Amino acid sequence: MNGLPVVSLRGIVTRFGSNLVHDGLDLDIVVGDIVALVGGSGSGKTTLLRHIIGLTRPAGGEVRLFGEGLRDGSIHDRIARQRRFGVLFQQGALFSALSVGENIAFPLKELGVATGAELRDLVALKLAMVEMEPKHAFLMPAELSGGMIKRAALARALALEPELLLLDEPTAGLDPDRSAAFVRLIRSLHRELGLTVVLVTHDVDTLAALATKIAVLADRRIVSLAPLEETLQVDHPFIQRFFLGEHGRNALSRRNRNH
Amino acid sequence: MGDRRPGALPAVLVVSGGEVRLTGDWTLGALSEVLTRVRLALAAAPAAARWDFGAVERLDSFGATLLWHAWGARWPDVIGIAEHQQRVIQRVEASAGRLVPRTSRFGAIDAVVLLGGALLQFRTHAVAFVALFGQILLDVVHLLRHPREWPLLEISANVHKVGVKAMPVTALVGFLIGVVLSYLSALQLKIFGADIFIVNILGLGIIRELGPVLVSVLVAGRSGSAMTAQLGVMRVTEEIDALAAMGISRTLRLVLPKVLALTLAMPLLVLWTSSVALLGGWVSAWVELDLSLGFFIETLPTVVPIANLYIGLSKGAVFGFLIALIACHFGLRVRPNTESLSVNTTASVVSAITMVILVDAVFAIATRSIGVPT
Ligand SMILES: Nc1ncnc2c1ncn2[C@@H]1O[C@H](COP(=O)(O)OP(=O)(O)OP(=O)(O)O)[C@@H](O)[C@H]1O
Ligand SMILES: [Mg+2]
């Protein structure tokens, strides 16, 4: 893969009232990266994802997506740009009035490219990708378990075959088996389509298995963006606690055994 | 458009003899711009063709689904396909046709089922409504035994919300209705020279009938819908479950304060609105018939028996109770989705207004011999 930046953040400043969340934050994510964004709870990871998507606007700094400014071009260009990424929200954000199948088919229907039979097969395929049964397509979001909501939302995020996937805590609420399946799914998508992935996670297992780079959000900026081994060398109290605490050490030793 | 997407090649398919050669990106992004052309070309491809994937750059599940459907859901002769591309198509193959749509055709039996469902639905509503009513009574009994548990703070907050804050809008509407009613009546009365009967008409009409009904309609739209929406969102966000898990009665904490507050606030609102409406009526009568305020106020008690005021106020209390109870009933029935929220909010307002008018008719019959000057 070449080093084309998919997401590039420059000098991001975010402020909620007197609460300064980001202060001059820089981050570059290139094509084919799987970047795990880690940071303490409330450190502003979700907020950063919302900036990248363009749902919120930072108080200062610049967000560029696929090499273009977020608000560049005509409304047409902007919509086209939005169809190039898929998002998994922290709470799933499925449309509660639509069934799971309709949720997944919704973005494709909006695009108006697929026939009815193709839509059905695509929905079945996306469901299979996230290890759900075709019959789950008829359930309403309120009838799903927490982990199923995550997976259905992931299936919807995959509906438009995005080049960039933004995932907010995709494995929170999944059992270890499903987490492993998720890791396999993202890996195969990455291999087959050269997908770029940004995932927020607190799960060292997932992160160790998946991420090509780790972005550490602490002290209101990205203090390190590097592969796992290099990140472990960085001398920062958060990194030390996150990876080299008891839980992190266990996860890392599991990983080394598997390799 | 291809220039906006660096590296994206248009999907192309070339038919030569018995061979179909695919090139470029077979991805949703690349295909959606040339889809009609590609579909036509796929349909025109010979059935027994050999498919050459040698020059396909990228293939995603949309492209694979498109091909799979063009192939009639079976593998043709394929050459030059990369392993991971083959896997993409195999994934499509594995799940294709597994999602069977649920056909729904509307027949005569469905119509009967629908009708029966609606009737049964009505029954469940009635049962649940009575149950809620009973629960409220039990709560009141409980509170009478344990006076320290009265949710006074919630009640007073609700009185403020449904009563005090509703005063401007009810006053405005009441004043205007008073003006219009008085103006139209005055026109007629002038013809008969029966000017002073304007006081009787306004007094009886507004205090006994119009005031309570007008306020009820406004309050049902304003506070009833708000109560339903609030309880409904609390259902959606599982806040009501959280309350239950803490062992806190939802009727005691959420429903009772609303019902009591509206039952208390409504008579006061009726009094307020009726007064303002009478004032509006007098303004109109003064302009049209040159009736003085002193005369208006003096005559009012002599031509409108005081029983009418009591009837108006008790109507207010009953209507308030019903509106709040109906609002809470529908609020608690909201299922955790946005559609159900909107359905129940609408149902709450419509049922409350209908109920108020029904009960008003019952009142009219029951009190037909009280307070009407003969
Ligand atoms: N809409 C908002 N208004 C005010 N403050 C906000 C808002 N959204 C987020 N914040 C604040 O911004 C900070 C970062 O929030 P954010 O949701 O980005 O955290 P996070 O890193 O995703 O945390 P977690 O890991 O717990 O999900 C928090 O202190 C939060 O209180
Ligand atoms: Mg978050």
Side-chain angles (χ1 to χ4, degrees), chain A residues 1-2 4 31 66-68 72-73 76-77 80-81 83-84 91 94-99 101 104-105 107-108 111-129 132-138 140-143 158-163 188-189 191-195, chain B residues 1 4-8 25-36 38-39 57-70 73 82-102 235-238 334-343:
Chain A
M1 291 290 156
N2 47 9
L4 229 57
V31 172
F66 305 109
E68 299 157 62
D72 282 0
H76 233 76
D77 296 337
R81 195 156 50 229
R83 290 197 170 135
R84 293 171 66 182
Q91 322 287 350
L94 293 171
F95 303 122
S96 60
L98 302 180
S99 69
I104 298 170
L108 280 166
L111 215 55
V113 288
T115 64
E118 284 167 1
L119 263 184
R120 275 197 300 281
D121 285 355
L122 281 167
V123 169
L125 174 66
K126 306 286 155 176
L127 283 173
M129 278 176 157
M132 286 173 82
E133 303 279 315
K135 65 169 191 274
H136 291 146
F138 300 104
M140 299 303 283
E143 297 166 333
L158 291 173
L160 288 186
E161 319 280 353
E163 298 161 50
S188 68
L189 287 173
R191 199 172 43 237
E192 287 156 19
L193 296 168
L195 214 59
Chain B
M1 284 196 149
R4 235 198 8 260
R5 188 174 302 222
D25 279 349
W26 283 73
T27 57
L28 177 63
L31 279 168
S32 57
E33 283 151 21
V34 292
L35 195 62
T36 5
V38 168
R39 274 192 199 280
E57 292 290 327
R58 300 197 303 159
L59 175 71
D60 68 8
S61 49
F62 179 77
T65 307
L66 198 67
L67 288 172
W68 187 251
H69 278 254
E83 194 199 329
H84 63 262
Q85 293 174 346
Q86 189 164 10
R87 242 194 337 266
V88 175
I89 303 180
Q90 276 164 352
R91 268 213 298 254
V92 172
E93 177 185 12
S95 56
R98 295 235 291 143
L99 187 67
V100 186
R102 295 195 174 160
R235 287 268 305 172
V236 175
T237 54
E238 299 184 320
V334 170
R335 279 195 306 272
N337 68 69
T338 47
E339 189 60 32
S340 169
L341 184 62
S342 81
V343 166

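None of these values were measured; they are calculated from a predicted model. Just so it is clear, the values below take in all heavy atoms, side chains as well, and ignore hydrogens, waters and symmetry mates.
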Would you mind telling me which of Leu31(B), Thr65(B), Leu59(B), Thr36(B) has the largest number of heavy-atom pairs within less than 4.5 Å of chain A?
Thr65(B)
Using a cut-off of under 4.5 Å on heavy-atom pairs, state which of Arg335(B), Gln85(B), Arg87(B) scores highest against chain A.
Arg87(B)
For Leu341(B), which atoms come within 4.5 Å of any heavy atom of chain A: side chain, backbone, both, or neither?
neither
Is Val236(B) close to chain A through its backbone or its side chain, or both, or neither, when contacts mean heavy atoms under 4.5 Å?
neither
Give a yes or no answer on whether the side chain of Arg81(A) reaches the backbone of Asp72(A) with a donor-acceptor pair at less than 3.5 Å.
yes
Salt bridge (Lys or Arg N to Asp or Glu O under 4.0 Å) filter on Arg91(B), not counting sequence neighbours, yields Glu192(A)
In terms of heavy-atom contacts, Pro336(B) and Ser96(A) come closest through O-CB, 4.1 Å
Contact summary for Ala64(B) and Val88(B), nearest pair of heavy atoms:
CB-CG1, 3.8 Å
Donor-acceptor pairs under 3.5 angstrom involving side-chain atoms of residues 111-127 of chain A: please list them, not counting sequence neighbours.
from      : atom 1 : to        : atom 2 : distance (Å)
Thr115(A) : OG1    : Glu118(A) : N      : 3.3
Glu118(A) : OE1    : Thr115(A) : N      : 3.2
Glu118(A) : OE1    : Arg39(B)  : NH1    : 3.4
Glu118(A) : OE1    : Arg39(B)  : NH2    : 2.9
Glu118(A) : OE2    : Arg39(B)  : NH1    : 3.0
Asp121(A) : OD1    : Gly97(B)  : N      : 2.8
Asp121(A) : OD2    : His69(B)  : NE2    : 2.6
Lys126(A) : NZ     : Leu158(A) : O      : 3.3
Lys126(A) : NZ     : Glu161(A) : OE2    : 2.9
Lys126(A) : NZ     : Ser61(B)  : OG     : 2.9

Per-residue contact mode, Arg83(A) against chain B (heavy atom under 4.5 angstrom):
neither
